[in-house]
Amino acid sequence: MYNLVTAGLARLRKNWVFWGEMGFLFLLSAVGMLRGVSQSVSLRAEGYVYYLDDFYFKYAPFLALFVVAFVSLFLGTEYNEGTIRNKLVVGHSRLRVYLSNYLVCLVACEGFVAVWLLGGMVGIPFLGTWQMGWKGFAIYALLAVLFTAALTGIFVLIAMLSARKSLTAVMAVFVAMALILWGSMLYNALGEPEMVSEMMLTADGIQMGEPLPNPRYVAGAKRILYQFLVDGLPTGQGIQMTNEGLGRPLLSGVASVVLAVFTTAAGIFCFRKKDLR
């Protein structure tokens, strides 16, 4: 498998999609941080105080889109050019072919995490380091690495089981958007207050009415399930990072590892039975 991984990394070094995404994500992260710095400076006179943490992890949920774009195009090209079949013809097992492709894609996608984190550091000279401290930053960075491994597992599974490049891209993008929307919906549902008050216009101006139960509040076993899904989903973790509210990092990390292992095992099982005509 060493030869397969080495060959895959050599191909990766020449891949324009990989380098294009790396450059774009670095610029996106850096420009986003500089915009945040500009916003913090303009509002400082009004008494608002912003920290590096307020802007640093804003693009965490959208790492899924960079992962899906790279994996679907990189592995889709392997199918189109017959590379996967050639690997099997010369004697490599399907297990080694699948694992080597996962590892190469994982290296690339963790590269996206690295440039995303590096790009945000342009704000340090203006806003200082993280309020959460270096330990908090290290935990968030590690969780980003782990949920990216889980995302890579999901999209490698899709790409390795679909021999048509266009179909792979469409399916993978659909799954990525569904994961982002699902995570966002669950997170927003958990943010609903238990009690709400209506505003009333009176002779004395606008006043708040008596607090009433919020029909959209999620309670009981349903709330426990929602919280578990938000903590476990890669995109749910990214959304919590954006809002600096990742409350159960150990659960999130374990969930990402389990998801990465499960999707890779499922992919290997299905790939072994796939007809590569």
Check your understanding: In terms of hydrophobic clustering (I, L, V, M, F, W, Y; side-chain heavy atoms under 4.5 Å; direct or indirect links), are Ile154 and Val254 co-clustered?
Key -> no
**Study point:** Exam field: side chain Ser38 to backbone Leu34, donor-acceptor pair closer than 3.5 Å
**Key:** no
Check your understanding: Counting heavy atoms not belonging to Tyr217, are there more than 12 under 6.0 Å from its OH?
Key -> yes
Review point. Measuring from Asp53:CG to Asn243:CG, what's the distance to the nearest 0.5 Å?
Key: 12.5 Å
Review point. Would Leu73 and Phe24 show up in the same hydrophobic cluster when neighbours are defined by side-chain heavy atoms closer than 4.5 Å?
Key: yes
Study note, to complete from the structure: OG (Ser29) and CG (Leu25) are apart, to the nearest 0.5 Å, by 6.5 Å
Practice item. Give the minimum heavy-atom separation between Trp19 and Leu12, together with the two atoms involved. Key: NE1-O, 3.8 Å
**Study point:** Gap separating the CG atom of Leu142 from the OH atom of Tyr140, nearest 0.5 angstrom
**Key:** 13.0 Å
Check your understanding: Counting distance only, does the side-chain N/O of Tyr56 pair as donor-acceptor with the main-chain N or O of Leu117 below 3.5 Å?
Key -> yes
Exercise for review: Ignoring hydrogens and angles, tell me if any N or O in the side chain of Arg94 forms a donor-acceptor pair with the backbone of Phe269 under 3.5 Å.
Suggested key: no
Exercise for review: Mind listing the closest non-hydrogen atom pair of Val37 and Gly123 along with its distance?
Suggested key: CG2-CA, 4.2 Å
Practice item. Starting from the C-alpha separation in whole Å, work towards a yes-or-no answer on side-chain contact (heavy atoms from CB on, under 4.5 Å) for Val67 and Phe147. Key: CA-CA 11 Å; Val67 172; Phe147 78 60; over 6 Å; no
Review point. In the single-linkage hydrophobic clustering (I, L, V, M, F, W, Y; side-chain heavy atoms under 4.5 Å), do Trp16 and Leu28 co-cluster?
Key: yes
Practice item. Would you check if Val104 and Leu4 make a side-chain contact, meaning some heavy-atom pair closer than 4.5 Å? Key: no
Check your understanding: Okay, side chain of Gln237, backbone of Leu246: is any donor-acceptor separation there less than 3.5 Å?
Key -> no
Review point. Which value, rounded to the nearest 0.5 Å, describes the distance between Asn15 atom CG and Glu21 atom CD?
Key: 9.0 Å
Exercise for review: Is it possible for you to say whether Val115 and Met121 belong to one hydrophobic cluster, with membership spreading through side-chain heavy-atom contacts below 4.5 Å?
Suggested key: yes
Review point. Can you find a pair of side-chain heavy atoms, one from Phe26 and one from Leu118, that are under 4.5 Å apart?
Key: yes
Study note, to complete from the structure: Heavy-atom nearest pair, Ala172 first then Val68, reads CB-CG2, 3.0 Å
**Study point:** CZ/Arg96: more than 12 non-hydrogen atoms of other groups inside 6.0 Å
**Key:** no
**Study point:** Side chain proximity check, Val107 to Leu9, heavy atoms < 4.5 angstrom
**Key:** yes
Check your understanding: Can we call the ring centroids of Phe55 and Tyr50 under 6.0 Å apart?
Key -> yes
Review point. Going through the checks in order, is the side-chain contact (heavy atoms from CB on, under 4.5 Å) test met by Gln240 and Asp231?
Key: CA-CA 8 Å; Gln240 289 184 86; Asp231 290 334; 3.1 Å; yes
Practice item. Decide yes or no on side-chain contact (heavy atoms from CB on, under 4.5 Å) for Val156 and Tyr98, but give the supporting numbers first. Key: CA-CA 9 Å; Val156 168; Tyr98 191 99; 3.8 Å; yes
Check your understanding: Is a side-chain N or O of Thr263 found less than 3.5 angstrom from the main chain of Ala260, in a donor-acceptor match?
Key -> yes
**Study point:** Partner of Met22 under side-chain contact (heavy atoms from CB on, under 4.5 Å), chosen from Phe112, Trp116, Phe66
**Key:** Phe112
Review point. So, do Arg248 and Gln227 sit near enough that their side-chain heavy atoms are less than 4.5 Å apart?
Key: yes
Study note, to complete from the structure: For Cys109 and Val71, the nearest pair of non-hydrogen atoms, with its separation, is SG-CG2, 4.1 Å
Practice item. Give a yes or no on whether Met185 atom CE has more than 12 heavy-atom contacts from other residues, nucleotides or ligands under 6.0 Å away. Key: no
Point to revise | Value rounded to 0.5 Å, distance of CG in Leu151 from OG in Ser256 | key: 8.0 Å
Review point. Short question: side chain of Thr242, backbone of Phe57 - any donor-acceptor pair under 3.5 Å?
Key: yes
Point to revise | side-chain contact (heavy atoms from CB on, under 4.5 Å) between Phe74 and Cys105, worked out | key: CA-CA 8 Å; Phe74 187 79; Cys105 289; 4.1 Å; yes
Check your understanding: Hey, are the side chains of Thr148 and Pro234 touching, using non-hydrogen atoms and a 4.5 Å cut-off?
Key -> no
Review point. Just wondering, do Leu127 and Ser40 contact through their side chains at under 4.5 Å, heavy atoms?
Key: yes
Exercise for review: May I ask you to test the Val230-Ile239 pair for a side-chain heavy-atom distance under 4.5 Å?
Suggested key: no
Review point. Between Glu192 and Asn188, is any side-chain donor less than 3.5 angstrom from a side-chain acceptor?
Key: no
Exercise for review: For Ser184 and Ile180, indicate whether the former's side chain and the latter's backbone hold a donor-acceptor pair under 3.5 Å.
Suggested key: no
Review point. Who passes ring-ring contact (aromatic ring centres under 6.0 Å, His included) against Tyr187, sequence neighbours left out?
Key: none
Study note, to complete from the structure: Closest non-hydrogen atoms of Ala64 and Ala176, given as atom of the first, atom of the second and distance, are O-CB, 4.4 Å
Review point. Taking only residues two or more places apart in sequence, or in another chain, which ones meet Tyr226 in a ring-ring contact (aromatic ring centres under 6.0 Å, His included)?
Key: none
Check your understanding: In terms of hydrophobic clustering (I, L, V, M, F, W, Y; side-chain heavy atoms under 4.5 Å; direct or indirect links), are Phe228 and Leu250 co-clustered?
Key -> no
Check your understanding: Around atom CZ of Phe137, are there more than 12 heavy atoms of other residues, nucleotides or ligands at under 6.0 Å?
Key -> yes
Point to revise | Met177 CE to Leu65 CG distance, which is reported to the nearest 0.5 Å | key: 6.0 Å
Check your understanding: What class does the angle between the rings of Trp130 and Trp134 fall in, given that below 30° is parallel, 30 to 60° is tilted and above 60° is perpendicular?
Key -> perpendicular
Review point. So, the side chain of Asp54 versus the backbone of Tyr51: is there a donor-acceptor pair under 3.5 Å, distance only?
Key: yes
Check your understanding: Between the main-chain N or O of Leu75 and the side-chain N or O of Asn101, is there a donor-acceptor pair closer than 3.5 Å?
Key -> no
Check your understanding: Looking only at heavy atoms, what is the nearest atom pair of Ile139 and Pro249, with distance?
Key -> CG2-CB, 3.9 Å
**Study point:** Sidechain-backbone polar pair: Arg223 side chain, Leu190 backbone, donor-acceptor under 3.5 Å
**Key:** yes
